[in-house]
Engineer: 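I have a structure I would like to understand better, so I am pasting it below and will then ask my questions one at a time.
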Amino acid sequence: MMKKLQVKKILDKLDELYGVDKDGFLHREPWQLLLAIMMSAQSTDAQVDLVLPALYDKYQKVEEMAEADIEELEGMIKTIGLYHSKAKNMKKCCQQLVAEYNGQVPDNREDLMKLAGVGRKTANLFMSDAYGVPEITVDTHVNRISNKLGWAHHSDPLKVELELQEVLPEDHWIRINIQLIRHGRAVCKARKPMCGDCALSNWCEFQLAAVKEV
DNA sequence: ATCCCGAGGG
DNA sequence: CCCTCTGGAT
């Protein structure tokens, strides 16, 4: 199919632009990574990075986070937003890990999504980041850009994920998330997309439609 | 005023 | 489907 060829070209172009090295939240243990991903909801990773060191220093073990004082925890994560529900979920999640999983983080999406504060996006990203399992993590950037490129035609992230599974070979599933996020932050921004500087504009249905209207 | 590596609840 | 949660950056 033509679209698959196009996808590979675009991913190669993004590799060329942004490099192939991976990034991820600072952590020593899996439960810390899971909480960091949880904290990133409706926040920026830069804001999360800022609070992680003090958090890891204060709560060294999952058992300690499971017994965290909520108000104290809220104070430490206040700057990332949504801090009431995040603090509550972080504590409850760690209580579940201790009580039901012997303090370990489960290695499958179904069990991950039973944890407080862990939805499909967080579960998929954790599976990829922690265990290298191929999952398509549809965050706001992947959703927006996939729709603009015509790879997806839905706003529901789950539908977008299923559509992308059809267009993308499995060995690109992790990469698509990393590179589209980078492109979303640098060029294809939600608010003011820099279409004039975009290396993908000749493939982009959004850009083609904009040109046609002028 | 709008968006950020969303989840939970109605 | 909708709404709410939330500080910080632009």
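Residue numbers start from 1 in every chain, and the chains themselves are labelled A, B, ... in the order their sequence lines are given, proteins ahead of strands. No experiment lies behind these values; they were computed from the predicted model shown.
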Engineer: Considering every strand and a 4.0 Å limit on heavy-atom distances, what is the contact class for A/Val118: base, sugar-phosphate, or nothing?
Structural biologist: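 Sugar-phosphate: the residue A/Val118, judged by heavy atoms under 4.0 Å, touches backbone atoms but no base.
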
Engineer: Are more than 12 heavy atoms from other residues, nucleotides or ligands located less than 6.0 Å from atom CG of A/Asn102?
Structural biologist: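 Not more than 12 within 6.0 Å, no.
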
Engineer: Salt bridge check: are A/Glu135 and A/Arg109 linked by an N-O gap of less than 4.0 Å?
Structural biologist: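 Between A/Arg109 and A/Glu135 there is a salt bridge, with a charged N closer than 4.0 Å to a carboxylate O.
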
Engineer: Once each nucleotide of nucleotides 5-10 of chain C is scored for protein heavy atoms under 4.0 Å, what B/S/- sequence comes out, 5' to 3'?
Structural biologist: BBBSBB

Engineer: Say you pick atom P in B/dC5 and the same atom in C/dT10; how far apart are they, in whole Å?
Structural biologist: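 Each nucleotide's P atom is 12 Å from the other's.
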
Engineer: Expressed in whole Å, how much space separates the P atoms belonging to C/dT6 and B/dG9?
Structural biologist: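 Looking at atom P only, C/dT6 and B/dG9 are 14 Å apart.
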
Engineer: So A/Ala46, base contact, sugar-phosphate only, or nothing? Heavy-atom distance under 4.0 Å.
Structural biologist: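 Counting heavy atoms under 4.0 Å across all strands, no contact is made by A/Ala46.
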
Engineer: Nearest whole angstrom, please: distance from the C1' of B/dG6 to the CE of A/Met39.
Structural biologist: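 My rounded result for the distance is 14 Å.
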
Engineer: Would you indicate what A/Thr137 reaches in the nucleic acid, counting non-hydrogen atoms under 4.0 angstrom: base, sugar-phosphate, or nothing?
Structural biologist: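 No contact.
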
Engineer: Whole angstrom is fine here: how far is it from CG in A/Asn143 over to P in B/dC4?
Structural biologist: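 Result: 10 Å.
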
Engineer: Atom CG of A/Asp139 to atom P of B/dC3: distance rounded to whole Å?
Structural biologist: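 Going from CG in A/Asp139 over to P in B/dC3 covers 15 Å.
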
Engineer: From CG of A/Asp156 over to C1' of B/dG6, roughly how many Å is that when rounded to an integer?
Structural biologist: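 So the CG-C1' distance, A/Asp156 to B/dG6, works out to 13 Å.
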
Engineer: Is A/Glu72 salt-bridged to A/Lys58, going by a charged N under 4.0 Å from an acidic O?
Structural biologist: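 Yes, charged N to carboxylate O under 4.0 Å.
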
Engineer: When the P atoms of B/dC3 and C/dC3 are compared, how many Å lie between them, rounded to an integer?
Structural biologist: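 Approximately 15 Å lies between the P atom of C/dC3 and that of B/dC3.
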
Engineer: Between C1' on B/dG9 and CE on A/Met113, what's the gap in Å once rounded to a whole number?
Structural biologist: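 After rounding, the gap between these two atoms is 15 Å.
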
Engineer: Take A/Ser40 and A/Ala116, find for each the nucleotide of DNA chain B with the closest heavy atom, and name the residue whose nucleotide sits nearer the 5' end.
Structural biologist: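 Final value for this comparison: A/Ser40.
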
Engineer: To the nearest Å, give me how far apart CE (A/Met38) and C1' (B/dG8) are.
Structural biologist: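 Answer to the nearest Å: 13 Å.
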
Engineer: Expressed in whole Å, how much space separates the P atoms belonging to C/dT4 and B/dT2?
Structural biologist: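 Result for the P pair: 15 Å, nearest Å.
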
Engineer: If only side-chain N and O atoms of A/Thr140 are considered, is one of them under 4.0 Å from the OP1 or OP2 phosphate oxygen of B/dC5?
Structural biologist: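 False: A/Thr140 side-chain N/O out of range (4.0 Å or more) of B/dC5 OP1/OP2.
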
Engineer: Can you check whether A/Arg120 has a side-chain N or O nearer than 4.0 Å to OP1 or OP2 of B/dG6?
Structural biologist: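 For B/dG6, neither OP1 nor OP2 has a side-chain N or O of A/Arg120 closer than 4.0 Å.
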
Engineer: Would you call A/Arg144 and A/Asp139 a salt bridge, taking side-chain N to carboxylate O under 4.0 Å as the test?
Structural biologist: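 Here A/Arg144 does not pair with A/Asp139 in a salt bridge, since their nearest N and O are not under 4.0 Å apart.
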
Engineer: Please give me the minimum heavy-atom distance between A/Ile176 and A/Val142, naming the atom from each residue.
Structural biologist: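 So the two residues come closest at O-CG2, 4.4 Å.
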
Engineer: Among the candidates B/dC3, B/dA7, B/dC5, find the nucleotide nearest to the side-chain atoms of A/Leu125.
Structural biologist: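 The answer is B/dC5, which lies nearest to the side chain.
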
Engineer: Taking all non-hydrogen atoms of both residues into account, name the closest pair between A/Cys204 and A/Leu149 and its distance.
Structural biologist: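 Taking A/Cys204 first and A/Leu149 second, the nearest heavy atoms are CA-CD2, 4.0 Å.
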
Engineer: Identify whether any heavy atom of A/Arg182 sits under 4.0 Å from a base atom; if not, whether one sits that close to sugar-phosphate; answer base, sugar-phosphate or nothing.
Structural biologist: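 A/Arg182: no heavy atom of the nucleic acid under 4.0 Å.
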
Engineer: With a 6.0 Å cut-off (strictly less than), is the heavy-atom count around CD of A/Glu110, excluding the residue itself, greater than 12?
Structural biologist: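 Atom CD in A/Glu110 is crowded, with more than 12 foreign heavy atoms closer than 6.0 Å.
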
Engineer: Does the pair A/Arg182/A/Asp23 count as a salt bridge with the N-to-O cut at 4.0 Å?
Structural biologist: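 A salt bridge is present here (some side-chain N lies under 4.0 Å from a carboxylate O).
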
Engineer: Using whole Å, report how far NZ of A/Lys189 lies from P of B/dC5.
Structural biologist: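 Rounded to the whole Å, the gap is 12 Å.
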
Engineer: Please state how far atom CZ in A/Arg185 lies from atom C1' in B/dC5, giving the value in whole angstrom units.
Structural biologist: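 For the pair A/Arg185 CZ and B/dC5 C1', the rounded distance is 7 Å.
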
